[in-house]
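To start, the structure itself, in structure tokens.
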Amino acid sequence: MSNGPTVLIEQANSRYTMYAVVEQDERTAYFYLYPAELQSKKYRMRACWLRNIQPGPAKRDSAAMANGDAPMLEAHFSNHPEGKEPLKAELVSIVWMPEDDGAAVLYDGKTLGVIPGWSLYSDDPAAYAADCIEADGNAIVFPLGELGKNEQHARVAEAISFRESWDDTENPQWPVIQQQFISTYESHFGEIKQYFAIDNNQWPPMALGKFEKDNIVYFLTMGVSIRPMPWVSYLYNDNASAYRRMELAMAVSKDDFTEEEIMKMAEGLSSMADIPWRHISWLGEGHTIASSKLPAPFESIVLSAALYNGESIALPEMYGDKVNLFWLSPVTLSEREYAHEKANGGYELLEKMIQEDITHIVTKRAAIV
């Protein structure tokens, strides 16, 4: 009779949307990713077998599952058919992937198990364990295999070096990134007028720069692209690096709106910067977001790089990835509903806006649908 598992480590990601837990009973050790309560309707718990502590069964451990216990792995799928010593809590650590939707367990610094972020969105969840040597068609845990043979090794190494680089107080990352963005923006929109921190004192640092040129007020973010967005690697696979990082921008005509209205819109923009990580989601071309900070008749924004018709802006690359600059364009209720009528309706709304000569510059206008 099991006494129930012991928790060896529990660690939340940076926005407390998910928890990584390693548990062990007298039979087996497991790694779990649990969505926080707010996310639990959208996402399910993911599990990764780590090791058998007793001799492994010859067949699938259905009895344990029927009993509500974590199943042992079949002996012939494990590199220790006779069982292995229990894990020591002090040697267990967690590293979260930069997207914050997947994580790995390290044991004495070596990778023991990985639950990749994409597994959260897939109907066929997968996890990888160092002590698993083979899998069959029913498996949910697969061999982690040798370095160089499985890309998960590289992903974990990247995650470790990414986290360590931000812990390195000798060589702070932010001043360099911040200056690259400010220089890029100033070369297009003139000297920065105001600088606002928009990260609520949470990592990573994020800021909003205010610029003015030709009677237009520009707001552009910096630091949002430090983290790749969740979901994107699952949706775009090998092309993910072209879509997973973004910064946000807004250009507002001073002829059309008061200073108060303009600053309220900037407030709305600031609150959107962290959405992908607060909600385990992603933002891209044609996506709409509701906002209470817009002057009537607007009630949402649509994100677009295509609406921009100014001179080309080459944003600094981030960790070797392209960074997309999405301009926020306010839309009315009828326009948002039009965008939501069908899949990719946001693209169709943008096409209509472009046909009506609506650009990235926010002006007063009537609804177009």
Side-chain angles (χ1 to χ4, degrees), residues 184-185 188-189 208 210-221 224-225 229 231-232 235-236 239 242-258 261-273 275-276 281-315 322-369:
T184 302
Y185 294 152
H188 291 277
F189 307 113
L208 187 67
K210 181 186 180 190
F211 305 81
E212 273 186 46
K213 187 182 178 183
D214 303 333
N215 231 24
I216 292 163
V217 183
Y218 291 89
F219 295 99
L220 298 111
T221 65
V224 181
S225 55
M229 289 184 279
W231 268 98
V232 180
L235 295 169
Y236 287 97
N239 298 323
Y243 298 97
R244 64 186 170 202
R245 297 185 196 266
M246 63 153 190
E247 297 291 344
L248 301 175
M250 199 171 205
V252 188
S253 163
K254 284 176 78 172
D255 296 334
D256 290 61
F257 301 99
T258 65
E261 286 173 323
I262 291 171
M263 291 313 290
K264 221 171 164 188
M265 287 191 240
E267 216 179 294
L269 185 162
S270 305
S271 68
M272 293 173 189
I275 280 177
S281 62
W282 70 291
L283 295 175
E285 186 77 19
H287 288 198
T288 58
I289 307 169
S291 174
S292 59
K293 305 289 183 186
L294 301 168
F298 302 123
E299 60 89 66
S300 290
I301 62 98
V302 63
L303 292 179
S304 177
L307 280 180
Y308 179 71
N309 71 347
E311 58 183 29
S312 166
I313 302 172
L315 292 188
K322 170 191 169 187
V323 177
N324 297 288
L325 184 61
F326 292 118
W327 293 83
L328 277 62
S329 190
V331 293
T332 65
L333 175 62
S334 62
E335 289 166 346
R336 177 169 64 92
E337 285 173 342
Y338 175 85
H340 288 195
E341 270 169 16
K342 56 179 115 167
N344 292 329
Y347 286 126
E348 292 193 18
L349 174 62
L350 287 171
E351 278 170 22
K352 272 191 176 300
M353 290 169 78
I354 290 166
Q355 282 163 12
E356 296 285 336
D357 292 329
I358 296 166
T359 69
H360 64 291
I361 296 167
V362 181
T363 56
K364 287 205 163 125
R365 63 173 183 81
I368 59 166
V369 290

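Just the heavy atoms: all of them, side chains too, but no hydrogens, waters or symmetry mates, feed the values below.
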Return the [atom1] to [atom2] distance between [X] and [Y], rounded to the nearest 0.5 Å.
X	Y	atom1	atom2	result
Ile358	Leu350	CD1	CG	10.0 Å
Arg244	Asn239	CZ	CG	10.5 Å
Asp255	Thr363	CG	OG1	10.0 Å
Glu299	Arg336	CD	CZ	4.0 Å
Tyr243	Leu235	OH	CG	11.0 Å
Glu356	Ile368	CD	CD1	5.5 Å

Is it the case that over 12 heavy atoms from other parts of the model lie below 6.0 angstrom from the NZ atom of Lys210?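 Yes, because the 6.0 Å sphere around NZ of Lys210 holds more than 12 heavy atoms from other groups.
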Do [X] and [Y] make a side-chain contact, defined as non-hydrogen atoms from C-beta onward lying under 4.5 Å apart?
X	Y	answer
Pro330	Met250	yes
Phe219	Met263	yes
Pro276	Met246	yes
Thr221	Leu208	yes
Ile313	Leu325	yes
Glu335	Val302	no
Ile301	Leu269	no
Leu248	Leu303	yes

Using a distance-only test with no angle check, is there a side-chain donor-acceptor pair under 3.5 angstrom linking Lys342 and Asn344?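 No, Asn344 and Lys342 have no side-chain donor paired with an acceptor closer than 3.5 Å.
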Minimum heavy-atom distance between [X] and [Y], given as atom pair plus value:
X	Y	answer
Ser253	Ile216	CA-CG1, 4.4 Å
Ser304	Glu285	OG-OE2, 2.7 Å
Pro295	Phe257	CG-CE2, 3.6 Å
Phe326	Gly284	CZ-CA, 3.7 Å
Met229	Arg245	CE-N, 4.3 Å
Tyr185	Leu315	CE2-CD2, 3.6 Å

Using modelled atom types only, decide if a donor and an acceptor are shared between the side chain of Ser334 and the backbone of Val369 within a distance under 3.5 Å.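 The answer is yes, because a donor-acceptor pair under 3.5 Å joins these two groups.
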Is Glu247 reaching over with its side chain to a backbone N or O of Val224, donor-acceptor style, under 3.5 angstrom?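 At least one qualifying donor-acceptor pair exists.
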Lys254/Glu212 salt bridge by N-O under 4.0 Å criterion: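 Answer for the salt bridge query: yes.
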Leu307 pairs by side chain to side chain contact (heavy atoms under 4.5 Å, CB included) with which of Ile361, Ile354, Thr359?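 Answer to the side chain to side chain contact (heavy atoms under 4.5 Å, CB included) test with Leu307 among Ile361, Ile354, Thr359: Ile354.
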Evaluate the criterion side-chain contact (heavy atoms from CB on, under 4.5 Å) for residue pair Leu220 and Thr184; output intermediate values, then yes/no. CA-CA 11 Å; Leu220 298 111; Thr184 302; over 6 Å; no
Can you list every pair that meets ring pair (Phe, Tyr, Trp, His ring centres under 6.0 Å) and has a residue in residues 336-369, with sequence neighbours left out?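 Listed by first then second residue: Tyr308-His360, Trp327-His360.
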